[in-house]
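Just so it is clear, the values below take in all heavy atoms, side chains as well, and ignore hydrogens, waters and symmetry mates. Sequence lines set the chain letters: A, B, ... in the order given, protein chains first and strands last, and positions in each chain run from 1.
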Amino acid sequence: MTEKTIHQPTSALETIRQTRIQKLADLADKGVNPYPYAFDKDADAKFLQDKYKDLPAGEETEDTYSVAGRVMAMRNSGMFIDLMDSTGKIQIFSHKENLDEDTMKILKLIDLGDIIGFTGTIRRTPRGELSIKATSLKVLSKSLLPLPNKQISEEKKEQLKSHTTLTDVETKYRQRYVDLIVNEQTRDTFRKRSLIIQKIREYLTKQGFIEVETPMLHTQASGANARPFITHHNALDMDLTLRIAPELHLKRIMVGGLNEKIFELSRCFRNEGIDTRHNPEFTMIELYQAYVDYNEMMVLTENLVSTVAQEVLGTMKVQYGDNLIDLTPPWDRKTMLGSIKEFTGIDFNDFFTAEEAIAAAKKLHVPVEDTDNWGQVVEKVFEVTVEPTLIQPCHIIDYPREISPLAKIHRDNDRLTERFETRVNGWEIANAFSELTDPIDQRYRFEAQALAKANGDEEAMSYDEDYVTALEYGLPPTGGMGMGIDRLVMLLTNSPTIRDVIMFPTLKNVN
RNA sequence: AGACCAGUGGCGCAGUGGUAGCGCAGAAGACUCUUAAUCUUUUGGUCGUGGGUUCGAAUCCCACCUGGUCUACCA
């Protein structure tokens with residue numbers, strides 16, 4: 001247990017730690033501050049590897065650089081050091097001919113994991129490794145705890161797939177800093193996450209969207225079907241909930257007419273279970289565009305996701321597990337009722353009562369409640385019969401109105417709404433509507449949800465009176481779309497669990 | 001919340017009832033153009049926690065803790 005190793009170190013670890021603490025004293029004796037304030041570095045590993053890629057083996061230059069990074073490997077008693085910075089690795093060559101006696105003594109006090117700055121000239125060793133022939137060094141941060149294991153070069157990792165440095169997932173999540181130090185793949189995933197978010201902002205900004213911020217503390221959680229976290233404001237002596245979705249606030253902004261296109265990219269909180277695709281706090285983007293309907297949102301979703309994939313990965317064809325997923329637009333569109341009919345031969349639009357629909361669902365061995373309404377039954381049948389088959393990107397369109405209280409009634413079928421959910425790899429990654437703009441209808445839909453809640457549906461949507469008031473001032477025809485960023489990152493980084501794309505996933509406290 | 005699986009030095013692992021082992025890391029030394037450097041010697045673990053069965057438990061049983069996978073809720 002990692003906590004135990006921190007608070008009650010076993011003797012092997014404590015021995016290493018005490019040895020290193022002694023080295024702090026030895027450094028102090030030599031007038032070295034092991035935790036200084038700054039270091040004047042002027043090059044990164046990758047910059048040097050690129051600049052001198054054609055320098056022949058055995059060649060030396062007069063070019064002098066200062067680099068800084070973490071010591072990941074030492075050979076020949078410190079004569080060769082693999083120094084890792086955030087861009088890559090470069091070898092440090094420390095020969096007694098080039099370093100004074102005091103510096104050689106300091107070199108002896110360096111451990112794996114220490115952060116050191118080196119200054120010296122560029123050379124390529126006879127064996128072909130680009131190196132800095134050190135003329136001076138500066139301890140930048142002394143590491144007191146050992147790294148999980150020796151860092152191995154990428155080529156060697158390829159040859160020895162079984163030899164990994166940190167595989168214990170609990171340590172990876174609880175001590176992500178250690179995971180980041182030793183696992184290049186972890187670093188790569190989170191750099192890609194950052195890039196994905198950057199590209200989303202870039203794309204939307206180019207399309208004329210502006211980014212806005214709405215509250216995370218709500219007096220009432222609404223805009224989605226989920227149980228909220230509840231907290232308390234002391235000065236106001238008032239309970240607040242963490243938001244489950246930003247939707248209703250964003251549409252208030254659309255009523256206000258701040259901009260025809262807005263988005264918010266931020267954290268939401270849902271007090272639900274934790275598994276490979278759910279974390280209690282997760283990142284979503286919601287965007288709204290005036291004067292368009294859900295058809296436009298489908299095009300936007302496809303273009304946004306495929307463009308981000310192209311810019312981050314250099315391709316729209318993404319390998320996820322055993323599946324090669326082609327994100328090239330346009331994506332398939334299937335109506336919910338049509339896809340159910342395709343898979344079961346049954347057209348639920350033929351059933352005019354919940355009872356008929358429930359009977360049909362039971363024949364298909366889909367578990368339903370006798371209290372379910374027509375729309376809930378249709379959704380459950382869809383989830384069991386159709387959803388698992390949807391690997392390639394697909395918009396499932398036209399959801400039942402009972403389960404879509406914020407979406408506009410379908411222009412051709414008043415039992416349905418103009419809503420779609422985008423499925424990729426079997427997951428819901430986006431949810432979008434022609435937004436419901438009619439305040440009278442919105443009030444009616446909230447009342448239906450309130451009734452469901454009164455009848456025990458814990459996750460029925462809360463009635464937000466002020467939101468209806470906002471609609472009464474007039475919301476233009478609007479298309480809206482929400483997308484789970486974590487799942488998109490999972491898809492684009494081939495990550496099997498959401499914990500691999502959330503830096504510090506929610507875990508139980510260890511006593 | 002339920003089912004199943006896992007927990008052995010800092011890390012990665014072996015060990016299915018009879019004296020707790022290996023590799024790396026650590027320490028001491030050798031070696032000064034190495035690449036997971038190499039070579040010699042060596043420290044370190046009450047086997048997740050607590051009970052139980054047994055002459056004897058890392059190993060069998062029970063409970064609990066933490067994690068994982070699946071299922072349910074959910075995105």
Determine the contact category for [X]: base if any of its heavy atoms lies under 4.0 Å from a base atom, sugar-phosphate if only primed atoms, P, OP1 or OP2 are that close, otherwise nothing.
| X | result |
| --- | --- |
| A:G273 | base |
| A:E129 | base |
| A:R277 | base |

Minimum-distance nucleotide (side-chain atoms of A:T19 versus B:rU69, B:rA27, B:rU34):
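Taking heavy atoms from C-beta onward, the closest nucleotide is B:rA27.
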So, is [X] near the phosphate of [N], with a side-chain N or O under 4.0 Å from OP1 or OP2?
| X | N | answer |
| --- | --- | --- |
| A:T276 | B:rC70 | yes |
| A:T167 | B:rC13 | yes |
| A:R75 | B:rA37 | yes |

Which whole number of Å gives the distance between the [atom1] atom of [N] and that of [M]?
| N | M | atom1 | value |
| --- | --- | --- | --- |
| B:rG17 | B:rU59 | C1' | 7 Å |
| B:rC22 | B:rA57 | C1' | 23 Å |
| B:rC65 | B:rA72 | P | 24 Å |

Would you mind listing every salt bridge (charged side-chain N to carboxylate O under 4.0 Å, His left out) that reaches into residues 106-123 of chain A, with sequence neighbours excluded?
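Only A:R20-A:D111, A:K23-A:D111, A:E60-A:R123, A:D111-A:K142, A:D114-A:K142 qualify under salt bridge (charged side-chain N to carboxylate O under 4.0 Å, His left out).
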Is there any salt bridge (charged side-chain N to carboxylate O under 4.0 Å, His left out) pair reaching into residues 478-502 of chain A, and which pairs are they, with sequence neighbours excluded?
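As it turns out, the salt bridge (charged side-chain N to carboxylate O under 4.0 Å, His left out) pairs with a partner in residues 478-502 of chain A, which skip direct neighbours, are A:R193-A:D486.
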Under-4.0 Å salt bridge between A:D50 and A:K46:
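A salt bridge links A:D50 with A:K46.
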Over how many whole Å does the gap from A:Q22 atom CD to B:rG26 atom P extend?
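Spelled out: CD on A:Q22 to P on B:rG26 is 17 Å.
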Give the residues of residues 486-504 of chain A touching RNA chain B, defined as any heavy atom closer than 4.0 Å, sorted by residue number.
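RNA chain B contact set from residues 486-504 of chain A: A:R487, A:T497, A:R499.
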